[in-house]
Number of protein chains: 2
Amino acid sequence: MPAIELDRIDRQILDLLQDDAHLTYQQIAERVNLSASPCLRRIKRLEEAGIIKRYVALLDPQKLGLGLLAYVSVKLEKRGAKPLENFRAAVQTWPEVVTCLAMTGEMDYLLRVHCRDLEHFTHLVMERLMTRPEVMDVKSSFALERVKDTTALPVPQ
Amino acid sequence: MPAIELDRIDRQILDLLQDDAHLTYQQIAERVNLSASPCLRRIKRLEEAGIIKRYVALLDPQKLGLGLLAYVSVKLEKRGAKPLENFRAAVQTWPEVVTCLAMTGEMDYLLRVHCRDLEHFTHLVMERLMTRPEVMDVKSSFALERVKDTTALPVPQ
DNA sequence: TCTGAAAGTCAATACCG
DNA sequence: CGGTATTGACTTTCAGA
(Lines give C-alpha, C1' and ligand atoms only; values in the text may rest on other atoms or scores of the structure.)
Protein backbone atom coordinates (compact mmCIF):
# COMPACT_ATOMS: atom_id res chain seq x y z
CA MET A 1 0.00 0.00 0.00
CA PRO A 2 2.04 2.92 -1.28
CA ALA A 3 2.15 6.43 0.16
CA ILE A 4 0.24 7.82 -2.80
CA GLU A 5 0.69 11.34 -4.11
CA LEU A 6 -2.37 13.52 -3.59
CA ASP A 7 -2.92 16.60 -5.68
CA ARG A 8 -5.28 19.45 -4.98
CA ILE A 9 -8.20 17.73 -6.66
CA ASP A 10 -7.71 14.51 -4.69
CA ARG A 11 -7.77 16.52 -1.47
CA GLN A 12 -10.91 18.31 -2.57
CA ILE A 13 -12.55 14.99 -3.33
CA LEU A 14 -11.58 13.59 0.07
CA ASP A 15 -12.96 16.62 1.85
CA LEU A 16 -16.23 16.34 -0.05
CA LEU A 17 -16.62 12.63 0.66
CA GLN A 18 -15.75 13.05 4.33
CA ASP A 19 -18.60 15.50 4.53
CA ASP A 20 -21.18 13.69 2.41
CA ALA A 21 -20.63 10.27 0.93
CA HIS A 22 -23.99 10.40 -0.82
CA LEU A 23 -22.84 12.96 -3.34
CA THR A 24 -23.06 11.46 -6.81
CA TYR A 25 -19.92 11.20 -8.87
CA GLN A 26 -21.38 13.83 -11.15
CA GLN A 27 -21.89 16.28 -8.30
CA ILE A 28 -18.35 15.70 -7.07
CA ALA A 29 -17.05 16.09 -10.61
CA GLU A 30 -18.80 19.44 -11.00
CA ARG A 31 -17.41 20.77 -7.74
CA VAL A 32 -13.83 19.88 -8.61
CA ASN A 33 -14.25 20.97 -12.24
CA LEU A 34 -13.89 17.58 -13.84
CA SER A 35 -16.21 15.25 -15.67
CA ALA A 36 -17.60 12.16 -14.04
CA SER A 37 -15.26 9.54 -15.39
CA PRO A 38 -11.87 10.89 -14.29
CA CYS A 39 -13.49 11.77 -11.00
CA LEU A 40 -14.63 8.18 -10.58
CA ARG A 41 -11.17 6.96 -11.51
CA ARG A 42 -9.59 9.11 -8.83
CA ILE A 43 -12.03 7.90 -6.21
CA LYS A 44 -11.41 4.25 -7.10
CA ARG A 45 -7.70 4.91 -6.85
CA LEU A 46 -8.15 6.42 -3.39
CA GLU A 47 -10.23 3.42 -2.33
CA GLU A 48 -7.72 0.92 -3.66
CA ALA A 49 -4.85 2.73 -1.96
CA GLY A 50 -6.77 2.35 1.30
CA ILE A 51 -6.91 6.09 1.87
CA ILE A 52 -10.67 5.84 1.75
CA LYS A 53 -11.25 2.95 4.15
CA ARG A 54 -15.02 2.69 4.01
CA TYR A 55 -18.32 4.45 3.70
CA VAL A 56 -20.61 4.45 6.72
CA ALA A 57 -23.83 5.92 8.04
CA LEU A 58 -23.46 8.04 11.17
CA LEU A 59 -26.30 7.76 13.67
CA ASP A 60 -27.47 10.22 16.27
CA PRO A 61 -26.71 8.78 19.72
CA GLN A 62 -29.33 10.96 21.44
CA LYS A 63 -32.08 9.80 19.10
CA LEU A 64 -31.10 6.20 19.76
CA GLY A 65 -31.50 6.84 23.47
CA LEU A 66 -27.74 6.85 24.06
CA GLY A 67 -27.68 10.02 26.13
CA LEU A 68 -24.56 9.26 28.14
CA LEU A 69 -21.09 9.56 26.66
CA ALA A 70 -18.27 8.51 28.97
CA TYR A 71 -14.54 8.09 28.83
CA VAL A 72 -13.14 5.34 31.00
CA SER A 73 -9.50 4.96 31.94
CA VAL A 74 -8.57 1.39 32.68
CA LYS A 75 -5.43 0.13 34.37
CA LEU A 76 -4.54 -3.52 33.86
CA GLU A 77 -2.32 -5.72 35.92
CA LYS A 78 1.09 -6.13 34.36
CA ARG A 79 1.65 -9.86 34.32
CA GLY A 80 2.47 -11.07 30.84
CA ALA A 81 0.58 -10.82 27.60
CA LYS A 82 -2.38 -13.02 28.52
CA PRO A 83 -4.41 -10.48 30.52
CA LEU A 84 -3.89 -7.96 27.74
CA GLU A 85 -5.18 -10.34 25.11
CA ASN A 86 -8.19 -11.25 27.23
CA PHE A 87 -9.04 -7.64 27.82
CA ARG A 88 -8.73 -6.70 24.18
CA ALA A 89 -10.89 -9.58 23.08
CA ALA A 90 -13.54 -8.60 25.64
CA VAL A 91 -13.56 -4.99 24.46
CA GLN A 92 -14.33 -6.09 20.91
CA THR A 93 -17.50 -7.80 22.14
CA TRP A 94 -18.89 -4.74 23.96
CA PRO A 95 -20.81 -2.63 21.47
CA GLU A 96 -21.07 0.31 23.88
CA VAL A 97 -17.29 0.68 23.71
CA VAL A 98 -16.61 2.39 20.40
CA THR A 99 -12.99 3.32 21.04
CA CYS A 100 -10.27 1.57 22.99
CA LEU A 101 -6.76 2.98 22.85
CA ALA A 102 -3.60 1.99 24.66
CA MET A 103 -2.26 5.26 25.95
CA THR A 104 0.93 6.73 27.34
CA GLY A 105 0.76 8.05 30.88
CA GLU A 106 -0.77 6.64 34.01
CA MET A 107 -3.62 4.65 32.57
CA ASP A 108 -3.22 1.75 30.21
CA TYR A 109 -6.38 2.05 28.15
CA LEU A 110 -8.77 4.82 27.33
CA LEU A 111 -12.30 3.77 26.36
CA ARG A 112 -15.03 5.83 24.77
CA VAL A 113 -18.40 4.44 25.80
CA HIS A 114 -21.95 5.25 24.66
CA CYS A 115 -24.65 4.31 27.17
CA ARG A 116 -28.34 4.96 27.64
CA ASP A 117 -27.97 6.36 31.14
CA LEU A 118 -26.02 6.09 34.35
CA GLU A 119 -27.67 2.81 35.23
CA HIS A 120 -26.61 1.27 31.96
CA PHE A 121 -23.11 2.66 32.41
CA THR A 122 -22.87 1.43 35.99
CA HIS A 123 -23.87 -2.03 34.89
CA LEU A 124 -21.22 -2.02 32.18
CA VAL A 125 -18.47 -0.93 34.55
CA MET A 126 -19.45 -2.99 37.58
CA GLU A 127 -20.63 -6.20 35.93
CA ARG A 128 -18.48 -6.36 32.84
CA LEU A 129 -15.32 -4.32 33.37
CA MET A 130 -14.59 -4.67 37.08
CA THR A 131 -15.40 -8.36 37.22
CA ARG A 132 -12.49 -9.07 34.89
CA PRO A 133 -9.47 -10.28 36.86
CA GLU A 134 -6.94 -8.34 34.79
CA VAL A 135 -8.65 -4.98 35.46
CA MET A 136 -7.00 -3.22 38.40
CA ASP A 137 -8.34 0.30 38.33
CA VAL A 138 -11.06 2.24 36.54
CA LYS A 139 -11.71 5.98 36.37
CA SER A 140 -14.68 7.50 34.60
CA SER A 141 -15.47 10.91 33.23
CA PHE A 142 -18.64 12.04 31.50
CA ALA A 143 -19.25 14.35 28.59
CA LEU A 144 -21.24 17.42 29.60
CA GLU A 145 -21.27 19.00 26.18
CA ARG A 146 -20.17 17.97 22.69
CA VAL A 147 -18.41 21.03 21.34
CA LYS A 148 -17.06 19.20 18.30
CA ASP A 149 -17.28 15.59 17.22
CA THR A 150 -16.42 14.79 13.64
CA THR A 151 -15.01 11.89 11.69
CA ALA A 152 -13.38 14.18 9.14
CA LEU A 153 -9.59 14.11 9.19
CA PRO A 154 -7.46 16.98 7.96
CA VAL A 155 -5.99 16.08 4.58
CA PRO A 156 -2.38 17.29 4.82
CA GLN A 157 -0.08 19.03 2.34
CA MET B 1 -38.22 14.97 15.95
CA PRO B 2 -40.07 12.07 17.55
CA ALA B 3 -38.54 9.21 19.49
CA ILE B 4 -39.37 6.76 16.74
CA GLU B 5 -40.15 3.11 17.34
CA LEU B 6 -37.54 0.78 15.89
CA ASP B 7 -38.37 -2.82 15.13
CA ARG B 8 -35.96 -5.64 14.48
CA ILE B 9 -35.70 -4.85 10.77
CA ASP B 10 -34.94 -1.18 11.40
CA ARG B 11 -32.15 -2.21 13.75
CA GLN B 12 -30.79 -4.63 11.16
CA ILE B 13 -30.82 -1.87 8.55
CA LEU B 14 -29.00 0.53 10.87
CA ASP B 15 -26.35 -2.06 11.65
CA LEU B 16 -25.82 -2.73 7.95
CA LEU B 17 -25.56 0.96 7.05
CA GLN B 18 -23.20 1.66 9.94
CA ASP B 19 -20.94 -0.99 8.50
CA ASP B 20 -21.25 -0.18 4.81
CA ALA B 21 -23.18 2.76 3.45
CA HIS B 22 -22.45 1.71 -0.12
CA LEU B 23 -24.80 -1.24 -0.02
CA THR B 24 -27.56 -0.78 -2.56
CA TYR B 25 -31.13 -0.73 -1.33
CA GLN B 26 -31.62 -4.06 -3.06
CA GLN B 27 -28.71 -5.63 -1.20
CA ILE B 28 -30.01 -4.33 2.11
CA ALA B 29 -33.50 -5.52 1.23
CA GLU B 30 -32.24 -9.04 0.54
CA ARG B 31 -30.35 -9.22 3.83
CA VAL B 32 -33.36 -8.18 5.88
CA ASN B 33 -35.76 -10.29 3.80
CA LEU B 34 -37.69 -7.46 2.25
CA SER B 35 -38.02 -6.05 -1.23
CA ALA B 36 -36.33 -2.82 -2.20
CA SER B 37 -39.16 -0.36 -1.87
CA PRO B 38 -40.28 -0.96 1.72
CA CYS B 39 -36.61 -1.09 2.59
CA LEU B 40 -36.05 2.29 0.98
CA ARG B 41 -39.09 3.67 2.76
CA ARG B 42 -37.70 2.57 6.11
CA ILE B 43 -34.33 4.12 5.39
CA LYS B 44 -35.92 7.43 4.34
CA ARG B 45 -37.95 7.37 7.52
CA LEU B 46 -34.79 6.83 9.58
CA GLU B 47 -33.10 9.71 7.77
CA GLU B 48 -36.04 12.05 8.25
CA ALA B 49 -36.26 11.18 11.93
CA GLY B 50 -32.62 12.18 12.22
CA ILE B 51 -31.57 8.76 13.48
CA ILE B 52 -29.35 8.48 10.43
CA LYS B 53 -27.54 11.82 10.58
CA ARG B 54 -25.34 11.55 7.53
CA TYR B 55 -23.25 9.35 5.27
CA VAL B 56 -19.50 9.87 5.26
CA ALA B 57 -16.30 8.39 3.94
CA LEU B 58 -13.83 7.27 6.59
CA LEU B 59 -10.17 7.84 5.78
CA ASP B 60 -7.09 6.04 7.06
CA PRO B 61 -5.11 8.47 9.22
CA GLN B 62 -1.86 6.50 8.80
CA LYS B 63 -2.12 6.60 5.00
CA LEU B 64 -2.68 10.35 5.16
CA GLY B 65 0.51 10.68 7.17
CA LEU B 66 -1.37 11.35 10.41
CA GLY B 67 0.60 8.90 12.52
CA LEU B 68 0.11 10.57 15.88
CA LEU B 69 -3.16 10.37 17.79
CA ALA B 70 -3.28 12.38 21.00
CA TYR B 71 -5.78 13.24 23.69
CA VAL B 72 -5.35 16.64 25.25
CA SER B 73 -6.97 17.75 28.48
CA VAL B 74 -7.46 21.49 28.66
CA LYS B 75 -8.30 23.56 31.71
CA LEU B 76 -9.74 27.02 31.10
CA GLU B 77 -9.85 29.98 33.43
CA LYS B 78 -13.26 30.37 35.01
CA ARG B 79 -14.15 34.02 34.40
CA GLY B 80 -17.47 34.32 32.67
CA ALA B 81 -18.74 32.94 29.41
CA LYS B 82 -16.50 34.88 27.07
CA PRO B 83 -13.32 32.75 27.34
CA LEU B 84 -15.44 29.65 26.84
CA GLU B 85 -16.98 31.02 23.67
CA ASN B 86 -13.58 32.08 22.33
CA PHE B 87 -12.12 28.68 23.01
CA ARG B 88 -15.00 26.82 21.41
CA ALA B 89 -14.85 28.99 18.31
CA ALA B 90 -11.10 28.40 18.02
CA VAL B 91 -11.51 24.64 18.32
CA GLN B 92 -13.89 24.61 15.36
CA THR B 93 -11.19 26.13 13.18
CA TRP B 94 -8.51 23.55 14.00
CA PRO B 95 -8.96 20.60 11.66
CA GLU B 96 -6.54 18.42 13.67
CA VAL B 97 -8.98 18.53 16.57
CA VAL B 98 -11.73 16.08 15.64
CA THR B 99 -13.37 15.85 19.05
CA CYS B 100 -13.80 18.41 21.79
CA LEU B 101 -15.92 17.50 24.78
CA ALA B 102 -16.65 19.37 27.98
CA MET B 103 -16.07 16.78 30.67
CA THR B 104 -16.79 16.18 34.33
CA GLY B 105 -13.80 15.88 36.62
CA GLU B 106 -10.63 17.88 36.88
CA MET B 107 -10.24 18.98 33.29
CA ASP B 108 -12.69 21.16 31.44
CA TYR B 109 -12.23 19.90 27.91
CA LEU B 110 -10.98 16.71 26.35
CA LEU B 111 -9.65 16.97 22.78
CA ARG B 112 -8.89 14.21 20.33
CA VAL B 113 -6.18 15.36 17.95
CA HIS B 114 -4.73 13.81 14.77
CA CYS B 115 -1.23 15.01 13.91
CA ARG B 116 1.52 14.03 11.51
CA ASP B 117 4.18 13.71 14.19
CA LEU B 118 5.37 15.10 17.49
CA GLU B 119 6.66 18.25 15.83
CA HIS B 120 3.26 18.98 14.33
CA PHE B 121 1.61 18.24 17.66
CA THR B 122 4.05 20.41 19.57
CA HIS B 123 3.37 23.29 17.23
CA LEU B 124 -0.37 22.89 17.70
CA VAL B 125 -0.13 22.86 21.49
CA MET B 126 2.54 25.53 21.91
CA GLU B 127 1.59 27.97 19.19
CA ARG B 128 -2.15 27.56 19.01
CA LEU B 129 -3.46 26.20 22.29
CA MET B 130 -1.12 27.64 24.92
CA THR B 131 -1.00 31.08 23.36
CA ARG B 132 -4.71 31.52 24.07
CA PRO B 133 -5.23 33.62 27.20
CA GLU B 134 -8.15 31.53 28.47
CA VAL B 135 -6.14 28.29 28.46
CA MET B 136 -4.67 27.64 31.90
CA ASP B 137 -3.42 24.09 31.83
CA VAL B 138 -2.82 21.39 29.22
CA LYS B 139 -2.05 17.70 29.64
CA SER B 140 -1.33 15.37 26.74
CA SER B 141 -1.45 11.63 26.29
CA PHE B 142 -0.64 9.66 23.15
CA ALA B 143 -2.19 6.58 21.63
CA LEU B 144 0.24 3.68 21.54
CA GLU B 145 -2.17 1.23 19.96
CA ARG B 146 -5.66 1.40 18.51
CA VAL B 147 -7.40 -1.66 19.91
CA LYS B 148 -10.83 -0.57 18.68
CA ASP B 149 -11.99 2.55 16.91
CA THR B 150 -15.38 2.45 15.28
CA THR B 151 -18.17 4.87 14.44
CA ALA B 152 -20.83 2.21 14.85
CA LEU B 153 -23.16 2.79 17.78
CA PRO B 154 -25.04 0.00 19.51
CA VAL B 155 -28.69 0.13 18.45
CA PRO B 156 -30.57 -0.48 21.70
CA GLN B 157 -33.66 -2.56 22.57
C1' DT C 1 -5.22 12.25 -18.67
C1' DC C 2 -9.46 14.05 -19.92
C1' DT C 3 -14.05 14.19 -22.65
C1' DG C 4 -18.15 12.34 -24.37
C1' DA C 5 -21.26 8.73 -25.53
C1' DA C 6 -23.40 4.25 -24.77
C1' DA C 7 -25.16 0.46 -21.93
C1' DG C 8 -26.40 -1.39 -17.88
C1' DT C 9 -27.84 -0.64 -13.09
C1' DC C 10 -30.01 1.67 -9.51
C1' DA C 11 -33.05 5.04 -7.04
C1' DA C 12 -37.32 6.70 -6.35
C1' DT C 13 -42.10 7.13 -7.28
C1' DA C 14 -46.71 5.51 -8.25
C1' DC C 15 -49.89 2.10 -7.78
C1' DC C 16 -51.89 -2.25 -6.12
C1' DG C 17 -52.78 -6.19 -2.24
C1' DC D 1 -47.63 -2.45 6.10
C1' DG D 2 -45.65 -5.17 1.95
C1' DG D 3 -44.81 -6.06 -3.38
C1' DT D 4 -44.46 -4.87 -8.57
C1' DA D 5 -43.57 -1.97 -12.26
C1' DT D 6 -41.99 2.18 -14.41
C1' DT D 7 -39.25 6.21 -15.34
C1' DG D 8 -35.50 8.94 -14.97
C1' DA D 9 -30.99 9.37 -13.13
C1' DC D 10 -26.74 7.57 -12.21
C1' DT D 11 -22.61 4.54 -12.62
C1' DT D 12 -19.32 2.50 -15.35
C1' DT D 13 -16.92 1.31 -19.44
C1' DC D 14 -14.95 2.28 -23.79
C1' DA D 15 -13.42 4.85 -27.89
C1' DG D 16 -11.11 8.92 -29.24
C1' DA D 17 -8.41 13.35 -28.57
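What you see is a predicted model, and the numbers here were worked out from it, not measured in a lab.
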Legend entry - Atom pair distance, as rounded to whole Å: CZ in B/Arg8 and P in D/dC1: 15 Å
Legend entry - Non-neighbouring partners of A/Asn33 that pass side-chain contact (heavy atoms from CB on, under 4.5 Å), sequence neighbours left out: none
Legend entry - Transitive ILVMFWY cluster of B/Tyr71, excluding itself - 4.5 Å side-chain cut-off: A/Leu69, A/Tyr71, A/Leu101, A/Met103, A/Leu110, B/Leu69, B/Leu101, B/Met103, B/Leu110
Legend entry - Interatomic distance where CZ belongs to A/Arg45 and P belongs to D/dT12 [whole Å]: 18 Å
Inset, instruction - Could you check how far CD of A/Gln27 sits from P of D/dA9, rounded to whole Å? - result: 13 Å
Inset, instruction - Stems involving DNA chain C: give each as a range paired with a range, ordered by first number, where a stem means at least three consecutive Watson-Crick or G-U wobble pairs under 3.5 Å. - result: C:1-17 with D:1-17
Legend entry - Sequence-aligned protein contact record of nucleotides 2-7 of chain D, with B where the base is within under 4.0 Å of a protein heavy atom and S where only the sugar-phosphate is: BBB---
Inset, instruction - Identify, with sequence neighbours excluded, every residue that meets side-chain hydrogen bond (donor to acceptor under 3.5 Å, both in side chains) alongside A/Arg116. - result: none
Inset, instruction - Tell me whether the OP1 or OP2 atom of D/dC10 has a side-chain N or O from A/Tyr25 closer than 4.0 Å. - result: no
Inset, instruction - Calculate the interatomic distance between A/Ile43 atom CD1 and C/dC2 atom P; express it in whole Å. - result: 12 Å
Legend entry - Set of side-chain hydrogen bond (donor to acceptor under 3.5 Å, both in side chains) partners for A/Asp15, sequence neighbours left out: none
Inset, instruction - Check ring-ring contact (aromatic ring centres under 6.0 Å, His included) between B/His22 and all other residues, then give those that pass, not counting sequence neighbours. - result: A/Tyr55
Inset, instruction - Take atom CD of A/Gln26 and atom P of C/dT9, then tell me their distance rounded to the nearest Å. - result: 18 Å
Legend entry - Residues A/Asp10, A/Arg45: salt bridge by 4.0 Å N-O rule: yes
Which pairs would a plain distance check flag for residues 132-145 of chain B, meaning a side-chain donor or acceptor within less than 3.5 Å of a matching protein atom at least two apart in sequence or in another chain?
unit_1: B/Arg132; atom_1: NE; unit_2: B/Glu134; atom_2: OE2; d: 2.6
unit_1: B/Arg132; atom_1: NH2; unit_2: B/Glu134; atom_2: OE2; d: 3.3
unit_1: B/Glu134; atom_1: OE2; unit_2: B/Phe87; atom_2: N; d: 3.4
unit_1: B/Ser141; atom_1: OG; unit_2: A/Thr104; atom_2: O; d: 2.7
unit_1: B/Glu145; atom_1: OE1; unit_2: A/Arg88; atom_2: NH1; d: 2.9

Legend entry - Presence of salt bridge, B/Lys44 and B/Glu47, under 4.0 angstrom: yes
Legend entry - Atom-pair distance (OH on A/Tyr55; P on D/dT11), nearest Å: 11 Å
Legend entry - Rounded distance (Å) that lies between atom P of D/dT12 and atom CD of A/Glu47: 9 Å
Legend entry - Rounded interatomic separation in angstrom, taking CG from A/Leu23 and P from D/dA9: 18 Å
Inset, instruction - Could you tell me which residues satisfy side-chain hydrogen bond (donor to acceptor under 3.5 Å, both in side chains) with B/Glu77, sequence neighbours excluded, listed by chain and number? - result: B/Arg79
